[in-house]
Amino acid sequence: MRSEIKWGIMGTGWIAEQFVQDLVHVSNGQGLAVGSRSQESADRFAAKFNIPRAYATYEELVNDPEIDAIYVATPHPLHRENVMLALRAGKAVLCEKPFTVNSGELAEIITFAKQSGLFLMEAMWTRFLAPIIQVRTWLAEGRIGEVKLVKADAGFRSDWNPQGRLLNSDLGGGALLDIGIYPVSFAAMILGANPEKIFSTAHIGETGVDEQFSMILDYGNGKVASLNGAVRLQISNEAYIYGTEGFIHIPSFLNATTATLHVDGQEPETYTDARDAIGYAFEAEEVGRCLLAGVTESPVIPLSESLSILQLLDEVRGQWGLRYPFE
């Protein structure tokens, strides 16, 4: 393995643009190539972001012998196929969330990655942001006592576009997989991904996808997560963690730049991150750290947790009677 990770970018959409812009802030990696479904798209992306190599197919991308890791930034229903393509070519993989559309697909690729001794990680970038790391430190130190309640909301009002990614069931659209996975993953980071009981409701819109949802995760012993997500409703995008001795507030927790600790009887303590990067650089740094250390999964978001989260999402969709046409 090289001392610096060479990245291949699979896909040329908005999220791929965000990720590759942040690679300039990564100390242990750089973008080497991009792959698309057309040469024109790949060339345009490569020119815009100064990527040396552009491939007209994903197959050409994963077969470049100088690439160490592939960032999968394609639509949700293609993740399983695209991740497997990269793994079969012997590449490490960082896959954009949701890892796959259901837990069965994810179990398959995890099994293959482990059997092949290859690195695999979900691109839950929020986990690697400095304010979120600080939050985990406060919790580990017991600063707010025993955590009893996690509240997290994530949502926005998208334009009405039935054929677009967000509202199209053929593309795995809806709030749960697109934006809702953020509050679910946030709760899992704090309370775990295996609640004792799950209560949920959703508004299924005319295109057949969940436009908004609410859920309660009951962990027993008075520990609860209250979560909301939406793609047709602007909501707060805030998170709160309430403990027996105080609480933590994270405004805009998805891309957190601050977090404030409120301990009973003390002045609030605010952590502020004045980063230059958008925030995707830190998950790329983690992949590089793991690969250079010779480990095949990240302790920050292990594969078992990603799988448990998707199993939870499967159960929630089952409560709604929501299945995608391709399942």
Side-chain angles (χ1 to χ4, degrees), residues 22 25-28 94 97-99 121-154 179-195 217 219-227 236-264 266-275 277-290 293 295 297-310 312:
D22 253 18
H25 299 285
V26 175
S27 64
N28 59 10
L94 174 66
K97 59 81 198 161
F99 225 143
M121 190 179 96
E122 178 183 6
M124 182 53 67
W125 68 305
T126 297
R127 289 283 177 102
F128 301 94
L129 300 177
I132 302 301
I133 295 172
Q134 181 60 57
V135 167
R136 292 201 297 271
T137 299
W138 284 334
L139 294 175
E141 293 171 348
R143 298 288 297 278
I144 63 169
E146 184 180 7
V147 174
K148 289 291 188 177
L149 175 63
V150 174
K151 294 180 65 178
D153 301 330
I179 193 74
I181 194 170
Y182 284 109
V184 173
S185 183
F186 184 80
M189 179 184 75
I190 299 161
L191 294 175
N194 297 288
L217 307 181
Y219 292 84
N221 297 316
K223 297 184 178 183
V224 173
S226 174
L227 315 173
S236 70
N237 295 300
E238 294 182 307
Y240 288 87
I241 308 165
Y242 294 95
T244 54
E245 298 175 22
F247 70 94
I248 298 169
H249 175 218
I250 309 124
S252 190
F253 76 98
L254 280 69
N255 60 346
T257 56
T258 66
T260 301
L261 172 69
H262 299 261
V263 176
D264 296 345
Q266 300 179 18
E267 287 294 315
E269 177 183 336
T270 297
Y271 177 91
T272 300
D273 177 20
R275 62 179 181 261
I278 302 168
Y280 298 92
F282 309 115
E283 62 183 4
E285 287 265 5
E286 174 69 359
V287 175
R289 185 193 69 78
C290 290
V295 298
E297 62 181 290
S298 168
V300 178
I301 184 162
L303 295 172
S304 59
E305 183 179 354
S306 291
L307 182 60
S308 291
I309 288 171
L310 264 178
L312 190 158

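Residue numbers run from 1 in the order of the sequence given.
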Measure across [X] and [Y] and return the closest heavy-atom pair with its distance rounded to 0.1 Å.
| X | Y | answer |
| --- | --- | --- |
| A281 | H25 | CB-CB, 4.0 Å |
| L129 | G279 | CD2-O, 3.7 Å |
| F253 | I132 | O-CD1, 4.2 Å |
| P183 | L227 | O-CD2, 3.7 Å |
| I309 | A193 | CG1-CB, 4.0 Å |
| M124 | S185 | CG-OG, 3.7 Å |

Excluding sequence neighbours, so at least two apart, what forms side chain to side chain contact (heavy atoms under 4.5 Å, CB included) with S27?
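Side chain to side chain contact (heavy atoms under 4.5 Å, CB included) list for S27, sorted by chain: E285.
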So do [Y] and [X] actually touch side chain to side chain, heavy atoms under 4.5 Å?
| X | Y | value |
| --- | --- | --- |
| L139 | V135 | yes |
| L217 | L191 | no |
| N255 | N237 | no |
| K97 | T126 | no |
| Y242 | K148 | no |
| R143 | E269 | yes |
| T257 | S252 | no |
| I250 | I241 | yes |

Member of L94, I181, L307 meeting the side chain to side chain contact (heavy atoms under 4.5 Å, CB included) criterion with E122:
I181
Between the side chains of T272 and T258, does any donor sit under 3.5 Å from an acceptor?
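No, no side-chain donor-acceptor pair sits under 3.5 Å.
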Could you label the plane-to-plane angle of the Y240 and H249 rings as parallel, tilted or perpendicular, counting under 30° as parallel and over 60° as perpendicular?
parallel
Using a strict threshold of under 4.0 Å (side-chain N to carboxylate O), is an ion pair present between K223 and E146?
yes
Separation between CD (E245) and NE2 (H262), nearest 0.5 Å, reads 15.5 Å
Rounded to the nearest 0.5 angstrom, the CZ-CG distance for F99 and L303 is 5.5 Å
E286 and R127: CA distance, side-chain angles, deciding distance, salt bridge (Lys or Arg N to Asp or Glu O under 4.0 Å) verdict:
CA-CA 11 Å; E286 174 69 359; R127 289 283 177 102; over 6 Å; no
Do F247 and L149 pass the side-chain contact (heavy atoms from CB on, under 4.5 Å) test, and can you show the C-alpha distance, the side-chain angles, and the key distance before you say yes or no?
CA-CA 9 Å; F247 70 94; L149 175 63; over 6 Å; no
Do any N or O atoms from the side chain of D273 and from the backbone of P131 form a donor-acceptor pair under 3.5 angstrom?
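Answer holds: no.
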Quick check: does any side chain N or O of Y219 sit under 3.5 Å from a backbone N or O of G192, one acting as donor and the other as acceptor?
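Yes: the side chain of Y219 pairs with the backbone of G192.
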Can you confirm whether E141 is buried at CD, in the sense that more than 12 heavy atoms of other residues, nucleotides or ligands lie under 6.0 Å from that atom?
yes
Give the C-alpha distance, both sets of side-chain angles, the deciding distance and a yes or no for side-chain contact (heavy atoms from CB on, under 4.5 Å) between I144 and W138.
CA-CA 8 Å; I144 63 169; W138 284 334; over 6 Å; no
What's the verdict on side-chain contact (heavy atoms from CB on, under 4.5 Å) for I133 and V300, showing C-alpha distance, side-chain angles and the deciding distance?
CA-CA 10 Å; I133 295 172; V300 178; over 6 Å; no
